[in-house]
Amino acid sequence: MKIKDKLGVVSIGIHHLLQMILNVSLVFLAVILSFQLLKELIVFSQFMVTNTDSNDYQSFFSRILVFFLYFEFIAMIVKYFKENYHFPLRYFMYIGITAMVRLIIVEHDNPLHTLYYSLVILILIIGYFIMNITPRERVASKWFFKNQATN
């Protein structure tokens with residue numbers, strides 16, 4: 001057996017070993033995030049029952065958005081396994097937008113910072129729009145480029 005063939009076999013073995021470590025780690029992370037999601041749901045339920053101050057909407061919305069952040073991370077891990085070990089970029093954009101909205105709700109004391117956070121959300125939305133109109137294998141995004149297809 002040639003050295004090049006031996007190195008190919010070793011690199012395939014290393015690839016599979018690292019992929020297995022990554023998969024086990026992500027499953028472990030998904031379990032931890034699921035427990036945190038349930039814990040956040042319990043805390044949110046207690047907050048709804050025991051909260052008598054109706055003006056504490058910041059904490060209310062903050063809890064909801066933290067819940068959705070956990071949910072989105074778990075959904076991203078599930079999607080990773082469904083899409084052949086690939087993280088879709090759009091999920092990172094969803095998480096970024098949700099995190100920035102949470103930051104605006106929690107820390108809105110400084111108007112300039114709130115404006116910056118809003119600009120970050122706008123940039124993420126524009127990036128998401130550009131990502132979705134870029135032609136690739138799917139037919140649904142061809143609507144934007146219909147004039148170029150006839151040229």
Applying side-chain contact (heavy atoms from CB on, under 4.5 Å), name anything that partners [X], two or more places apart in sequence or on another chain.
{"X": "Asn84", "answer": "none"}
{"X": "Val31", "answer": "Phe35"}
{"X": "Leu17", "answer": "Ile21"}

Handout entry: Contact summary for Glu83 and Pro88, nearest pair of heavy atoms
Key =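 Where Glu83 meets Pro88 most closely, the heavy atoms are OE1-CG, 3.6 Å.
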How long is the straight-line distance from [atom2] of [Y] back to [atom1] of [X], given to the nearest 0.5 Å?
{"X": "Leu37", "Y": "Phe71", "atom1": "CG", "atom2": "CZ", "result": "8.0 Å"}
{"X": "Ile95", "Y": "Arg90", "atom1": "CD1", "atom2": "CZ", "result": "12.0 Å"}
{"X": "Ile97", "Y": "Leu65", "atom1": "CD1", "atom2": "CG", "result": "12.5 Å"}

Exercise for the section: Under the side chain to side chain donor-acceptor pair (under 3.5 Å) rule, collect the residues that match up with Tyr94, sequence neighbours excluded. Expected result: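 Expected list: Tyr128.
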Pairwise salt bridge (Lys or Arg N to Asp or Glu O under 4.0 Å) hits with a residue in [range], at least two apart:
{"range": "residues 19-36", "answer": "none"}
{"range": "residues 99-110", "answer": "none"}
{"range": "residues 14-32", "answer": "none"}
{"range": "residues 20-36", "answer": "none"}

Transitive ILVMFWY side-chain link [X] to [Y], under 4.5 Å:
{"X": "Val120", "Y": "Tyr116", "answer": "no"}
{"X": "Leu122", "Y": "Leu89", "answer": "no"}
{"X": "Met100", "Y": "Phe92", "answer": "yes"}
{"X": "Leu124", "Y": "Leu115", "answer": "no"}
{"X": "Tyr85", "Y": "Tyr91", "answer": "yes"}

Is there side-chain contact between [X] and [Y], with heavy atoms separated by less than 4.5 Å?
{"X": "Tyr117", "Y": "Val101", "result": "no"}
{"X": "Leu18", "Y": "Ile14", "result": "yes"}
{"X": "Ile104", "Y": "Ile121", "result": "yes"}
{"X": "Ile125", "Y": "Phe129", "result": "no"}

Problem - Remaining members of the apolar cluster that contains Ile32, side-chain heavy atoms under 4.5 Å - result: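 Taking Ile, Leu, Val, Met, Phe, Trp and Tyr as members, Ile32 shares its hydrophobic cluster with Phe28.
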Problem - Pairs meeting criterion side chain to side chain donor-acceptor pair (under 3.5 Å) with involvement of residues 26-35, two or more places apart - result: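 Every candidate side chain to side chain donor-acceptor pair (under 3.5 Å) pair involving residues 26-35 fails, so no pair, neighbours aside, qualifies.
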Review item, side-chain donor-acceptor pairs of residues 72-80, under 3.5 Å, at least two apart:
| residue | atom | partner | partner atom | Å |
| --- | --- | --- | --- | --- |
| Glu72 | OE1 | Thr98 | OG1 | 3.3 |
| Glu72 | OE2 | Thr98 | OG1 | 3.1 |
| Tyr80 | OH | Gln19 | NE2 | 2.9 |

Handout entry: Flag, side chain of His113 to backbone of Asn110, donor-acceptor distance under 3.5 Å
Key =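 Such a contact is absent between His113 side chain and Asn110 backbone.
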Result block: side-chain N/O donor-acceptor pairs under 3.5 angstrom for residues 38-46, not counting sequence neighbours:
| residue | atom | partner | partner atom | Å |
| --- | --- | --- | --- | --- |
| Glu40 | OE2 | Arg63 | NH1 | 3.1 |
| Ser45 | OG | Leu41 | O | 2.9 |

